[in-house]
Amino acid sequence: MATTPPRSALHLTSTLLTATVALYMALVAFGNITDFGTNQQFVRHVLAMDTTFKDDDLMWRAVTSKGLQDAAYVAIIAWETVAALVLVFGTWLYARRDDPRARRFSTYGLLMVLLLFGAGFMAIGGEWFSMWQSADWNGLDAALRVFVLSGVALIVVQLPAAARDA
């Protein structure tokens with residue numbers, strides 16, 4: 001009779017952290033698809049820079065075309081959706097004990113989330129479009145929370161295999 005070895009605490013942690021970020025991203029994507037207009041306004045205001053200090057040295061960066069703003073928003077939703085699917089797949093692989101593939105797909109999904117929230121929202125939105133200047137349309141705190149959660153998950157997923165067997 002074949003027995004499966006017990007799962008390590010690190011395996012369980014990797015599984016649950018990946019599942020947590022997968023759930024979060026799935027809910028974010030679902031919310032943006034089913035309530036398209038709410039965050040559409042957020043993206044439009046950030047890109048238009050219409051609630052920033054309106055410094056002439058920065059306002060040339062503003063994107064005021066509604067078509068370009070909406071294209072950016074749709075691209076964000078597509079990225080969120082793919083990241084969620086990759087993370088759900090990684091979670092499923094962990095549940096099936098296919099750790100090498102689970103680790104690879106979890107890494108891909110977590111990197112997608114880190115890129116979206118770090119490079120996309122914090123760097124481009126926060127700095128390039130000066131989102132930090134807006135009292136009404138500033139998503140930097142939320143972006144940082146997701147970035148930290150995803151970063152912690154990625155660190156755990158990347159711990160050496162020897163630690164996984166403990």
Side-chain angles (χ1 to χ4, degrees), residues 14-95 101-158:
S14 297
T15 303
L16 293 178
L17 283 174
T18 299
T20 298
V21 180
L23 175 62
Y24 177 80
M25 290 307 297
L27 292 173
V28 167
F30 180 76
N32 284 337
I33 291 166
T34 60
D35 182 18
F36 190 84
T38 298
N39 282 327
Q40 177 188 37
Q41 291 307 310
F42 188 95
V43 171
R44 283 183 174 179
H45 284 289
V46 169
L47 295 180
M49 300 174 67
D50 57 0
T51 60
T52 64
F53 300 161
K54 295 191 175 52
D55 183 340
D56 289 337
D57 292 331
L58 298 178
M59 290 308 292
W60 62 271
R61 300 175 184 177
V63 175
T64 56
S65 163
K66 290 196 184 326
L68 288 176
Q69 293 168 347
D70 291 347
Y73 183 46
V74 169
I76 290 168
I77 295 171
W79 190 269
E80 292 166 344
T81 302
V82 172
L85 291 171
V86 170
L87 289 166
V88 166
F89 185 60
T91 302
W92 182 76
L93 291 169
Y94 272 125
R101 289 179 62 213
R103 189 176 188 197
R104 183 171 60 249
F105 279 93
S106 294
T107 298
Y108 296 153
L110 292 166
L111 285 173
M112 290 180 73
V113 175
L114 288 168
L115 284 171
L116 179 63
F117 284 87
F121 297 147
M122 292 167 52
I124 295 171
E127 290 302 318
W128 184 256
F129 292 106
S130 301
M131 181 170 54
W132 65 270
Q133 294 179 2
S134 177
D136 298 320
W137 303 100
N138 185 344
L140 289 174
D141 287 343
L144 179 61
R145 285 192 302 270
V146 178
F147 187 82
V148 169
L149 171 63
S150 301
V152 168
L154 183 61
I155 290 168
V156 170
V157 165
Q158 291 301 309

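Note that the numbering runs from 1 along the sequence shown for the chain.
When every heavy atom of Ala29 is checked against every heavy atom of Thr81, the shortest pair comes out as CB-OG1, 3.5 Å. Looking at every heavy atom in both residues, Ala48 comes nearest to Ala62 through O-CB, 3.4 Å. Minimum interatomic distance between Gly90 and Ala102 (heavy atoms only, all atoms of both residues): O-CB, 3.6 Å. In this structure, Met122 and Ala143 approach most closely via the heavy-atom pair CG-CB, 3.7 Å. Residues Leu47 and Phe129 approach most closely at CD2-CE1, 3.5 Å, considering heavy atoms. Across all non-hydrogen atoms, the minimal contact from Asn138 to Ser134 is CB-O, 3.1 Å.
In this structure, the side chains of Leu149 and Val21 come closer than 4.5 Å at one or more pairs of heavy atoms. Residues Trp137 and Met131 fail the side-chain proximity criterion, which asks for heavy atoms closer than 4.5 Å. Residues Val82 and Tyr108 form no side-chain contact, since every pair of their non-hydrogen atoms from C-beta on lies 4.5 Å or further apart. When side chains are defined from C-beta on, Ser14 does not count as touching Arg103, because their heavy atoms never get closer than 4.5 Å. Contact annotation: the side chain of Val113 approaches that of Met25 to within less than 4.5 Å [non-hydrogen atoms, C-beta and beyond]. The shortest distance between side-chain heavy atoms of Gln133 and Leu58 falls below 4.5 Å.
Heavy-atom contacts from other residues, nucleotides or ligands closer than 6.0 Å to CZ of Phe30 number 12 or fewer.
Applying the salt bridge (Lys or Arg N to Asp or Glu O under 4.0 Å) test to Asp70 and every residue at least two apart in sequence or in another chain returns Arg44. Every residue meeting the salt bridge (Lys or Arg N to Asp or Glu O under 4.0 Å) condition with Arg101, not counting sequence neighbours, appears here in chain and number order: Asp98. Tyr24 pairs by the side chain to side chain donor-acceptor pair (under 3.5 Å) definition with nothing, not counting sequence neighbours.
Ser106 OG to Leu111 CG: the interatomic distance, rounded to the nearest 0.5 Å, is 10.5 Å. Here Gln40 contributes atom CD and Ile77 contributes atom CD1; the two are 8.5 Å apart, rounded to the nearest 0.5 Å. Note: Asp141 CG to Trp132 CH2 = 14.0 Å, rounded to the nearest 0.5 Å. Atom-to-atom distance recorded for Met59:CE and Ser130:OG is 8.5 Å, nearest 0.5 angstrom. Note: Asn39 CG to Glu80 CD = 8.0 Å, rounded to the nearest 0.5 Å. Taking CG of Leu23 as the reference point, atom CG of Leu16 lies at 11.5 Å (rounded to 0.5 Å).
Of the candidates Leu93, Val157, Leu85, Thr91, Phe105 forms a side-chain contact (heavy atoms from CB on, under 4.5 Å) with just one, namely Leu93.
The distance between the ring centers of Trp79 and Phe117 does not fall below 6.0 angstrom. Proximity of the aromatic rings of Phe147 and Phe121 is defined here by a centroid distance below 6.0 angstrom, and this criterion is not met.
In this structure, Gln69 contributes its side chain and Val43 its backbone to no donor-acceptor pair below 3.5 Å.
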